[in-house]
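Here the structure comes first, spelled out in C-alpha cells, and everything after it is commentary.
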There are 2 protein chains.
Amino acid sequence: MSDYTVRRLSMYYRILDELERESDDVVSSASLARMTGTNSAQVRKDLSYFGNFGKRGRGYSVSDLRERLRAILGLDRQWNVLLVGAGHLGSALFSYKDFAKRGFHIVGILDNDPEKLGRSWDGIAVNAISEAEEVVARTGAEVAVIVTPAHAAQEVIERLTRAGVRGFLNFAPIKPETTEPVRVRNVNITIELEGLAYALQHDELTRPSL
Amino acid sequence: MSDYTVRRLSMYYRILDELERESDDVVSSASLARMTGTNSAQVRKDLSYFGNFGKRGRGYSVSDLRERLRAILGLDRQWNVLLVGAGHLGSALFSYKDFAKRGFHIVGILDNDPEKLGRSWDGIAVNAISEAEEVVARTGAEVAVIVTPAHAAQEVIERLTRAGVRGFLNFAPIKPETTEPVRVRNVNITIELEGLAYALQHDELTRPSL
DNA sequence: CGCTGTGAATGTATTCACAGCG
DNA sequence: CGCTGTGAATACATTCACAGCG
C-alpha cells in the first residue's frame, strides 16, 4: 500500500473522529473528500483496497468506518515510543497531547547532555545514550522519535536498530542509511520552509502585478 | 515545478553546503544521489530543469552549484516570518537555529494566552491575535508558521491572508481552506507516526517470523 | 574515457465514467 | 435515484539508456 494512501487514511480517520463526536452517523465519499482536500473517487479507491465498507445510495457508517480505519492503521493497540533528544523540540513533542490520544506512549527518554541526565519528565527518567540497549529492553520500545542534532542521528539510529527498534520518526536533517528491515519517516522542517520560499519567490516573478 | 523536485533541491543544497565546508570542489550526480537517497538520473534531471550546470566528464562545481541552488530556492534574501502560537512547539521552533541560517527571521509572535501576552522572547514581543494586521504591517512578514491548536488555525490563516501573508507553514492538524492565492505546506506529526504504525503492524503480519 | 543532459520507456498515482446495488 | 466500487484512461514522476561534449 502506498504512503500516499496511508496518509489519506489518517486524514479520514481524524475527520471520522470529529463526525462521531458531532453524532453524524453516515458520511459520503464526496463529503469526506471535501473535508480532506481530495476527490470522491480517491476516497472510494483508498477505502476499497481494504474492503467494501460503504452502502450504495447511502454512504459509509461513521462509527463502523472509524473502527475499521483504526484497526487498519494499527491504532487499536498501544505503541511504546522512545524519545531521543531532550532539547526544545523533544520537550515540545513530549507534551504533545495527540500522541497519547492515538496510542503512542513515551516510555523512555535518551540524551547525552549531562545537564539533563538523571532528571525525569513526568516520571520518565532521562537516560544516557550509552544505556540505549537496556532502556529498549526494559521498556519494550518499538518506535523511536529522533530529535537529536544532525551529527548524532545516524549513530543512534544504528544503535537502536541493533537493539530492536523497528520504526523511526526522524526530525534530524539527514537521510539515515539503514540496512536492517526498518521503517523510517523523515520530517524536515527546513525543507518545508524552503519549499515555501521557492513557491513565493516564483509567484512574485511570474505574477509581478499581484 | 513539482514539489518533489523542489524538496530534492533542498537536500542537494544541504549536501553542497557540507561539501563546501569540507573544501570539495567538484561533485558528480552519482555521489549527490548517494548522499540524498536517490539516483543519478534523478539528480541530473532535477538540475537540468534550471540550466546546464555541469561539465561532461567532470561533474558539478560545488560552489557554483550551491550558489545557483541558493538563488533558485529563494534563499539569497531574508524572509520575515511570523510565529503564531507561543506554546511548546512554537518555543522550540523559535530557538531552532537552522531557520536563521537559511534566511528565515522570526519578526513577530502572536498568541492569545493572557499568560504569554506582553512578554517578549529575545526582544520579540508576544502580541494578541487581534493585533495581527498591525504586526504584519509593522514587520513586513510574508510567511507565517502556524502552531496553534487545531480549532484556531483556520481563522488565523484567513485573517493573516487578508493582512497580506502569502505563505503558511501549518503544523495544526487541519487542511486549511484557502481562497486567495496563497501557499500552504502542512506538517502533520501525528500522520507520520500513524504511517509508521501502519507499516510496522503490516510487517508483523506479513513476516511473523522476523 | 567519464560524466552530463535528455528523449523514450516505464512505473505509479489520480481521475474519469459508468455499471450495479440498496 | 444516489452513491459505491472499479476497470479504463489520464496525468505525473522516475528510471533507462545513450548520444555527445570536455
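Below, each value reflects all heavy atoms present in this structure, side chains not excepted, and no hydrogens, waters or symmetry copies. So you know, we letter chains A, B, ... as the sequences are listed, proteins then strands, and number each from 1.
Ionic pairing of B:Arg102 and B:Asp98 is not present here: no N-O contact between side-chain nitrogen and carboxylate oxygen is shorter than 4.0 angstrom. Between B:Arg66 and B:Asp17, at least one side-chain nitrogen of the basic residue sits less than 4.0 Å from a carboxylate oxygen of the acidic one, meeting the salt-bridge criterion.
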What does the 5'-to-3' dot-bracket notation of DNA chain D look like when only Watson-Crick and G-U wobble pairs under 3.5 Å count, and pairs to other strands show as |?
||||||||||||||||||||||
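In this structure B:Tyr12 satisfies the side-chain hydrogen bond (donor to acceptor under 3.5 Å, both in side chains) test together with B:Asp46, sequence neighbours excluded. Residues passing the side chain to side chain contact (heavy atoms under 4.5 Å, CB included) test with B:Ala100, sequence neighbours excluded: none. Every residue meeting the side chain to side chain contact (heavy atoms under 4.5 Å, CB included) condition with B:Ser28, not counting sequence neighbours, appears here in chain and number order: B:Ala30, B:Ser31. For B:Asn112, the side chain to side chain contact (heavy atoms under 4.5 Å, CB included) test picks out B:Ala128, B:Ile129, with sequence neighbours left out. Among residues two or more places apart in sequence or in another chain, the side chain to side chain contact (heavy atoms under 4.5 Å, CB included) test is passed with A:Asp3 by A:Arg7, A:Arg185.
The environment of CZ in B:Arg58 is sparse: at most 12 heavy-atom neighbours from other residues, nucleotides or ligands sit within 6.0 Å. The number of heavy atoms from other shown groups lying within 6.0 Å of CD (B:Glu177) does not exceed 12. Atom CD of B:Glu155 sits in a sparse spot, with 12 or fewer heavy atoms from other residues, nucleotides or ligands closer than 6.0 Å.
Taking every heavy atom of residues 2-17 of chain A and every atom of DNA chain C, pairs under 4.0 Å involve A:Ser2, A:Tyr4, A:Arg8, by number. For DNA chain C, none of the residues of residues 189-199 of chain A falls under the heavy-atom distance limit of 4.0 Å. For residues 26-52 of chain B, proximity to DNA chain C is found at B:Ser28, B:Ser29, B:Arg44, B:Lys45, B:Ser48, B:Asn52, defined as any non-hydrogen atom under 4.0 angstrom from a strand atom.
The footprint of chain A on DNA chain C, defined by a heavy-atom cutoff below 4.0 Å, extends from C:dA13 to C:dG22.
Side-chain contact of B:Arg14 with B:Ser10: a donor-acceptor pair under 3.5 Å is absent, judged by distance alone.
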Verify salt bridge (charged side-chain N to carboxylate O under 4.0 Å, His left out) between A:Asp203 and B:Arg166, making sure each step is shown before the conclusion.
CA-CA 10 Å; A:Asp203 287 352; B:Arg166 291 171 313 124; 5.2 Å; no
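Closest approach of B:Val62 to B:Glu20, counting heavy atoms only: CG1-N, 3.8 Å.
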With a cut-off of 3.5 Å and sequence neighbours excluded, list every side-chain donor-acceptor pair involving residues 69-89 of chain A.
from	atom 1	to	atom 2	distance (Å)
A:Arg70	NH1	A:Leu75	O	3.4
A:Arg77	NH2	A:Glu142	OE2	3.0
A:Gln78	NE2	A:Asn80	OD1	3.0
A:Trp79	NE1	A:Gly74	O	2.7
A:His88	ND1	B:Ser95	OG	3.1

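Applying the salt bridge (Lys or Arg N to Asp or Glu O under 4.0 Å) test to pairs two or more places apart or on separate chains, those with a residue in residues 156-165 of chain B are B:Glu133-B:Arg159.
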